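All chains are named by letter (A, B, ...) in the order of the sequence lines, taking the proteins before the strands, and each is independently numbered beginning at 1. Not measured: the values here are computed from a predicted model.
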Amino acid sequence: MTKPRFYLTTAIAYPNGRPHMGHAYEAIASDVIARFKRLDGHEVRFLTGTDEHGLKIDQAARAAGMAPKAYVDQMVAPFQALDAALGISFDRFIRTTDADHKALVQALWQRMAANDDLYLGRYEGWYSVRDEAFYDEAELVTADDGARLSPQGTPVEWTVEESWFFRLSAYQDRLLALYDSQPDFIQPASRFNEMRAFVAGGLSDLSVSRTSFAWGIPVPGDERHVMYVWLDALANYLTGAGGLDGEWWPAALHIVGKDVVRFHTVYWPAFLMSAGLALPKTVFGHGFLLNRGEKMSKSLGNVVDPAEMAQRFGVDRLRWFLCREVAFGEDGSYSDEAIVERTNADLANGIGNLAQRSLAMVAKNLGGVMPVWGEAGETELRLKQAFHAGAEAYFAAMNSLALHRALDAVMAMVTAANGYFAENAPWALAKSGDTTRMAEVLAATLDATRRIVLLAQPFMPGSTSLLLDQLGVAADARDFNGFNTPVAAGTQLPAPAGVFPRITLDG
RNA sequence: GGCAGCGUAGCUCAGUUGGUGAGAGCGCCGGAUUCAUAACCCGGAGGUCGGCAGUUCAAGUCUGCCCGCUGCUACCA
């Protein structure tokens, strides 16, 4: 049975600073989903990258005395290094300065223009360079020194600018129809209500070009203008799909931060409708990561370097922690203590110890040869039932993007396997000389471990690979097709070695 | 101001359409055990289910008000 192709994307990062935990989190969560889909038999395309145009980059480059392109070339490197450090299995790292992207955005513009959705007008208002947003008079706040500031406290200036506009207002009904006919278009559901209410409240036309700076993609036929960064940025998903008529479009899933859900669920589908293109299936807005419950900020000095975190704890520990501890879609909190505690409990005491205790007995008592199954007794049946339920919960959770629930299910299977092992006490069987029964218990435990590790693969690709080596699982038997196929009795296993040592805060 | 959501054990949270004595994981305490990474297994302590008042034979689970928190949105002389 062939499964549908699965095209997923992360949001593209704006490289005007160094990558932070939020970038790492989004990349990891998306990577977990991509790996899951591959293991589950889907043909997957996974896109990530950087959003490199706009006034802020232009200004930062100027301040650094560099040309914008040279500046972003240098700023992008840490993002690519982070992806490498985190094991992100993207198929393409797109940069909005890529030539094919530029061509695509201009073609997209022309399609929207052909549909009579673009017109030249004048934009005036209070503009914040920092926020890249216009504000109404009423939204402004007054600083202590009397200066006008945006609601975010950034400087604003009165700006009058000729601008191209997109007839967003014409799409209100079609957007509402989209939401109502496709309730899973916006996830989690709490965001659905907010976006629907926003659209139902009426839409204004959207300014989609600027003349005040030149670092962007020129508007076709009116090169005084460069395109509004969001039009440019959102279109990266089309470029990554292979173009306007790309083979991978439409996307199955856009993973984005909750702060940009509106751009992805209102503007983006309207742009696509205008261009006569298919719409993505789902936009998922994940939450923010808090450092000990506090927002990360430079002034608090609590911004941590995710690559350094991965280095210190190990990539897979970090990946596991973020997916297990944070309910996907909600905000979450992390701290060194929490990472140590969580991963010691789940990985060292749980999965790692389960593998080690059973593999060590096979090595010591059976010469490291995969034992023969026995007839299933009562404890085997209970184990089987627990695993059946666990796998079912796992797949249901993964398919609904409840990554943390999937790991709940995995841990329930670990508990069941450890319970089975303790109940049958194979070490006592070894002493009493009942080698046959001991071997049966070890066979069942090793297979339970194999199933657990198989399901953990999307979350911890490196560690699970080592464990599957130790469990004698062939490289071509590691996707979910092989879930119900035990390792053949008689297979010689390599010497076991701990994969998840306990760690302490001191390191 | 409007709309939506939330407030349940130290921590993070589950708790279908109201109905056996309120749950899980982690942490903590005790026991057992020794195959294993002082891990695993068993047991235990700990909660006025934000507050008050109602509806009901029965409410964490419905209604009203209040307190606190969050998101979206609107407005301000």
Side-chain angles (χ1 to χ4, degrees), chain A residues 135-142 151 186 188-204 257-262 265-266 285-288 290 292-293 295 321-322 324-335 337-366 379 393 397 402 404-405 407-432 435 438-439 441-442 445-446 448-449 463 467 470 496-504:
Chain A
Y135 295 101
D136 290 337
E137 181 83 31
E139 290 180 280
L140 300 182
V141 297
T142 306
I186 304 174
S190 54
R191 311 247 170 261
F192 176 95
N193 295 327
E194 291 173 1
M195 289 306 113
R196 197 188 186 290
F198 174 76
V199 172
L203 295 171
S204 308
K258 64 180 184 180
D259 55 330
V260 294
V261 167
R262 184 200 292 180
T265 59
V266 180
H286 67 251
F288 290 157
L290 307 175
R292 292 177 195 285
K295 208 169 167 177
F321 173 83
L322 291 175
R324 166 103 161 113
E325 188 90 353
V326 181
F328 196 48
E330 308 282 315
D331 288 351
S333 189
Y334 67 88
S335 66
E337 293 88 332
I339 294 173
V340 168
E341 189 175 277
R342 180 94 253 168
T343 58
N344 274 344
D346 291 347
L347 303 181
N349 301 352
I351 297 174
N353 185 50
L354 174 66
Q356 188 66 16
R357 70 196 306 202
S358 50
L359 285 168
M361 281 204 72
V362 171
K364 203 174 295 178
N365 298 286
L366 298 171
T379 58
H404 58 297
R405 294 269 167 257
L407 292 185
D408 280 348
V410 169
M411 287 312 296
M413 293 162 86
V414 173
T415 298
N418 268 321
Y420 168 82
F421 197 79
E423 199 170 12
N424 287 288
W427 58 89
L429 295 168
K431 270 185 195 144
S432 67
T435 316
M438 178 202 72
V441 172
L442 291 176
T445 305
L446 285 186
T449 308
S463 315
L467 281 168
Q470 294 190 27
V499 170
F500 298 117
R502 286 181 66 83
I503 57 172
T504 59

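Closest-nucleotide positions on RNA chain B for Ser358(A) and Gly350(A) were compared, and the one nearer the 5' end corresponds to Ser358(A). Heavy-atom nearest nucleotides on RNA chain B were determined for Ile351(A) and for Arg405(A), and the one closer to the 5' end corresponds to Arg405(A).
Checked by atom type and distance alone, the side chain of Asp331(A) pairs as donor or acceptor with a backbone atom of Phe288(A) at under 3.5 Å. The backbone N or O of Arg324(A) lies less than 3.5 Å from no partner atom in the side chain of His404(A), so there is not a single donor-acceptor pair. Between the side chain of Glu325(A) and the backbone N or O of Arg342(A), no donor-acceptor pair lies under 3.5 Å. Judged by distance alone, the side chain of Asn365(A) and the main-chain N or O of Ala430(A) form no donor-acceptor pair under 3.5 Å.
Closest approach to the Phe500(A) side chain among rC41(B), rC35(B), rU37(B) is made by rU37(B) (side chain taken as heavy atoms from C-beta onward). Each of rC41(B), rC35(B), rA39(B) was ranked by its minimum atom distance to the side chain of Asn418(A); first place goes to rC41(B). Among rC35(B), rC41(B), rA36(B), the nucleotide with an atom closest to any side-chain atom of Ala422(A) is rC41(B). The Thr415(A) side chain lies nearest to rC41(B) when the options are rU33(B), rC41(B), rA36(B). Closest to the Gln356(A) side chain, of the nucleotides rU37(B), rA4(B), rC41(B), is rU37(B).
A gap of 10 Å separates the P atoms of rG51(B) and rU8(B), to the nearest Å.
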**OP:** Begin with the C-alpha distance, continue with both residues' side-chain angles, and end with the deciding distance and a verdict on side-chain contact (heavy atoms from CB on, under 4.5 Å) for Thr265(A) and Arg191(A).
**Re:** CA-CA 10 Å; Thr265(A) 59; Arg191(A) 311 247 170 261; over 6 Å; no

Subject >> Leu429(A)/Val441(A) under side-chain contact (heavy atoms from CB on, under 4.5 Å): CA gap, chis, key distance, verdict >> reply: CA-CA 9 Å; Leu429(A) 295 168; Val441(A) 172; 4.1 Å; yes

**OP:** Determine, step by step, whether Ile351(A) and Asp346(A) satisfy the side-chain contact (heavy atoms from CB on, under 4.5 Å) criterion, reporting the C-alpha distance in whole Å, the side-chain angles of both residues, the deciding distance to 0.1 Å, and the verdict.
**Re:** CA-CA 6 Å; Ile351(A) 297 174; Asp346(A) 291 347; over 6 Å; no

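Heavy atoms of Pro426(A) sit nowhere under 4.0 angstrom from any nucleic acid atom. Residue contacts shown for Ala348(A) include a base, since a base heavy atom lies under 4.0 Å away. Contacts of Gly201(A) with the nucleic acid, taken as non-hydrogen atoms under 4.0 Å apart, are absent.
Leu359(A) places its CG atom 15 Å from the C1' atom of rC40(B), with the value rounded to the nearest Å. Computed from coordinates, the Leu347(A) CG to rC40(B) P distance equals 13 Å when rounded to whole Å. At whole-Å resolution of the value, NE2 in His404(A) and C1' in rU12(B) are 11 Å apart. Put simply, CE on Met411(A) is 9 Å from P on rC40(B), counting in whole angstrom units. Between the C1' atom of rA74(B) and the CG atom of Leu203(A) lies a distance of 15 Å, rounded to the nearest Å.
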Is there any protein nitrogen or oxygen under 3.5 Å from a nitrogen or oxygen in nucleotides 68-71 of chain B, and what are the pairs?
| residue | atom | partner | partner atom | Å |
| --- | --- | --- | --- | --- |
| rG71(B) | O2' | Glu194(A) | OE1 | 3.0 |
| rG71(B) | O2' | Glu194(A) | OE2 | 2.6 |

Protein N or O to nucleotides 22-26 of chain B N or O, pairs below 3.5 Å:
| residue | atom | partner | partner atom | Å |
| --- | --- | --- | --- | --- |
| rG25(B) | O2' | Arg342(A) | NH2 | 3.4 |
| rC26(B) | O2' | Glu341(A) | OE2 | 3.2 |

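Checking rC72(B) for Watson-Crick or G-U wobble geometry (two distances, each under 3.5 Å) identifies rG2(B) as its partner. Across all strands shown, the partner of rG43(B) is rC29(B), judged by Watson-Crick or G-U wobble contacts whose two distances both fall under 3.5 Å. For rC65(B), the paired base is rG51(B) (Watson-Crick or G-U wobble, both distances below 3.5 Å).
When the side-chain nitrogen and oxygen atoms of Asn349(A) are compared with OP1 and OP2 of rC40(B), one or more of them lie within a distance under 4.0 Å. Contact check, Arg357(A) against rA39(B): no side-chain N or O comes under 4.0 Å of OP1 or OP2.
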Below 3.5 Å, can you tabulate the donor-acceptor pairs from side chains in residues 355-362 of chain A to any protein atom, sequence neighbours excluded?
| residue | atom | partner | partner atom | Å |
| --- | --- | --- | --- | --- |
| Arg357(A) | NH1 | Asn418(A) | OD1 | 2.8 |
| Ser358(A) | OG | Leu354(A) | O | 2.8 |
| Ser358(A) | OG | Ala355(A) | O | 3.2 |

